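Here is the structure we will look at.
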Amino acid sequence: MDSVRGYPLLVVIDPDARSTDGEAVRIAKDVLCAGAGAKICLPEGPEEFARMLARRGQRRPVVIGDDRALLRVVGLLHKERELAGVPLSMVPVGPPAAVALSRTLGIPTDTVAAARAVLDGGERPMDLLTDDSDGIVLGSLRIPGGSEAAGAGRGVSVPQQSSAVAAADPADALAARGGPVGPVNGHHPWWKPYARTARTALSLLGAPAAGRWAAPRSGDGGRPGARRTRVPGQRLRIEADGVLLADLDRPVRGVSVVPGGRPGTGSGGELAEVIVHWPGGARPVRTRARAVTVSGADFHYRADALVGGPVRTRTWTVQPGAWRLQLPRG
């Protein structure tokens with residue numbers, strides 16, 4: 001379908017979007033209602049969000065919100081095995097870090113441009129990754145997935161994801177909005193100073209050869225006693241379509257997997273781009289593969305805005321053209 005003008009829409013406005021930028025929400029709603037018959041839904045929580053989506057009928061869903069809202073819709077449709085048959089549209093609303101995935105996928109971050117793309121754009125098939133716990137990755141997968149990988153994003157709750165998947169630093173989001181940094185959903189953030197110290201100590205005991213000390217940062221001027229950072233490294237076995245890229249005898253600094261090769265380019269020949277980075281600046285290993293398996297001591301990973309783990313093995317597989325997204329034409 002090249003345009004949805006004249007077709008009924010189900011416009012689901014995420015509650016965070018309403019509280020973050022009510023003016024942008026109003027503009028998006030006005031543009032969409034002027035171009036198509038739209039039913040406006042204002043869910044107050046994930047359960048109501050899921051119920052409204054399930055009752056969409058023949059209406060095409062349009063999400064107004066941040067990356068968490070998009071992931072929630074994709075996760076719900078994936079759970080019901082309806083993702084391939086339901087084209088999705090998105091109007092990003094939120095601070096830049098909260099809509100980074102939407103921008104990467106090619107969705108305009110300008111409110112008016114995004115709303116017009118919903119009405120006049122075209123459907124584009126998009127690849128994604130699925131893992132052996134029924135989790136999904138739309139934009140990129142990165143290992144490791146601790147606080148250093150999650151700090152730039154905000155968490156999201158996707159129903160029926162693996163219990164090992166947790167929201168990425170939700171208290172960081174609270175702090176960014178000026179809220180209290182305390183228990184999140186009844187639990188204390190793991191990255192509190194004492195917990196971070198314990199986690200660091202355990203990781204050093206469990207992996208004594210996991211990395212090397214880096215030179216002092218340029219801002220330290222190389223003075224004695226200046227703070228130094230540790231070049232991260234983790235012993236992982238990484239296989240791409242059965243070909244061994246890294247083994248446990250050599251630490252890796254990080255791994256990235258992007259469905260379709262490059263984010264925002266849609267279907268990419270049924271392969272993902274896989275990059276293995278080494279400590280110390282050695283040349284990374286690059287390849288393309290349909291399936292990637294990572295195994296080793298307990299590790300975390302970041303799938304879009306979610307942090308998963310710890311797990312000891314996980315396989316991600318490319319699903320080409322598994323979902324459709326309305327994007328600007330051309």
Side-chain angles (χ1 to χ4, degrees), residues 4 9-21 24-25 28-29 32 41-43 45-46 48-50 52-54 56 59-80 82-111 113-115 117-118 121 123-130 135-141 150 152-161 165 167-168 170 173 258-260 263-264 266 302-307 319 322-328:
V4 301
L9 303 177
L10 178 75
V11 180
V12 183
I13 304 176
D14 186 74
D16 279 354
R18 305 200 299 269
S19 61
T20 300
D21 193 343
V25 170
K29 185 172 61 174
L32 294 172
C41 298
L42 305 173
E48 192 175 0
F49 194 107
M52 290 176 175
L53 185 64
R56 67 187 179 278
R59 296 180 180 272
R60 292 173 54 116
V62 180
V63 182
I64 298 180
D66 59 15
D67 293 342
R68 297 174 302 166
L70 175 62
L71 288 168
R72 186 176 297 119
V73 170
V74 174
L76 288 166
L77 293 173
H78 174 69
K79 169 192 167 186
E80 300 298 330
E82 297 180 346
L83 183 58
V86 181
L88 295 177
S89 299
M90 173 77 172
V91 179
V93 173
V99 296
L101 172 62
S102 300
R103 181 172 57 251
T104 297
L105 293 173
I107 303 171
T109 54
D110 175 76
T111 301
V118 172
E123 296 176 14
R124 186 175 303 175
M126 308 291 287
D127 301 345
L128 57 77
L129 300 173
T130 57
I136 57 174
V137 181
L138 303 184
S140 65
L141 167 75
R154 294 166 58 192
V156 57
S157 174
V158 178
Q160 297 301 312
Q161 290 274 13
V165 176
V258 177
R302 181 174 180 179
D304 298 323
L306 297 178
V307 174
Q319 306 297 334
W323 64 299
R324 291 179 289 162
L325 183 64
Q326 189 85 352
L327 295 174

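Small disclaimer: the values here were computed from a predicted structure and weren't measured. Counting begins at 1 with the first residue of the sequence.
- Asp14 and Arg72 make their closest contact through OD1-NH1, 3.2 Å (heavy atoms, listed as atom of the first residue, atom of the second, distance).
- Annotation: side chain to side chain donor-acceptor pair (under 3.5 Å) contacts of Arg103 (sequence neighbours excluded): none.
- One finds the CG atom of Leu77 at 10.5 Å from the CH2 atom of Trp323 (value rounded to the nearest 0.5 Å).
- Heavy-atom minimum distance, Asp127 versus Gly260: OD2-CA, 3.4 Å.
- Summarising the geometry, atom CG belonging to Asp304 is positioned 14.0 Å from atom CZ belonging to Arg68; distances are rounded to the nearest 0.5 Å.
- Scanning both residues, Arg18 and Ile13, for their nearest heavy atoms gives NH1-O, 2.9 Å.
- At least one side-chain heavy atom of Leu105 sits under 4.5 Å from a side-chain heavy atom of Leu70.
- Counting all heavy atoms, side chain and backbone alike, Arg124 lies closest to Pro328 at NH2-O, 3.7 Å.
- For the pair Val12 and Pro61, the minimum side-chain heavy-atom distance is 4.5 Å or more.
- No side-chain donor-acceptor contact under 3.5 Å links Asp66 to the backbone of Ala98.
- If you run side-chain contact (heavy atoms from CB on, under 4.5 Å) between Val11 and each of Val25, Val118, Leu32, only Leu32 comes through.
- Using a 4.5 Å heavy-atom threshold, the side chains of Leu88 and Val63 count as separate.
- Phe49 has its side chain within reach of Leu76: a pair of non-hydrogen atoms, C-beta onward, lies under 4.5 Å apart.
- Minimum heavy-atom separation, Glu123 to Pro87: OE2-CG, 3.5 Å.
- Under the 3.5 Å distance criterion, the side-chain polar atoms of Asp67 are matched with a main-chain donor or acceptor of Ser102.
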Stepwise side chain to side chain contact (heavy atoms under 4.5 Å, CB included) check, Thr111 with Asp21: CA-CA 11 Å; Thr111 301; Asp21 193 343; 5.9 Å; no
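- Here OG of Ser140 is found 9.5 Å from CG of Leu129. Values are rounded to the nearest 0.5 Å.
- Residues Leu42 and Glu48 share a closest heavy-atom pair of O-OE2, 4.3 Å.
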Side chain to side chain contact (heavy atoms under 4.5 Å, CB included) between Leu128 and His78, worked out: CA-CA 11 Å; Leu128 57 77; His78 174 69; 5.7 Å; no
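- Inter-residue side-chain proximity for Val93 and Val99 is flagged as unmet; no heavy-atom pair is nearer than 4.5 Å.
- Of the candidates Val62, Leu325, Leu327, Ile64, Ser89 forms a side-chain contact (heavy atoms from CB on, under 4.5 Å) with just one, namely Val62.
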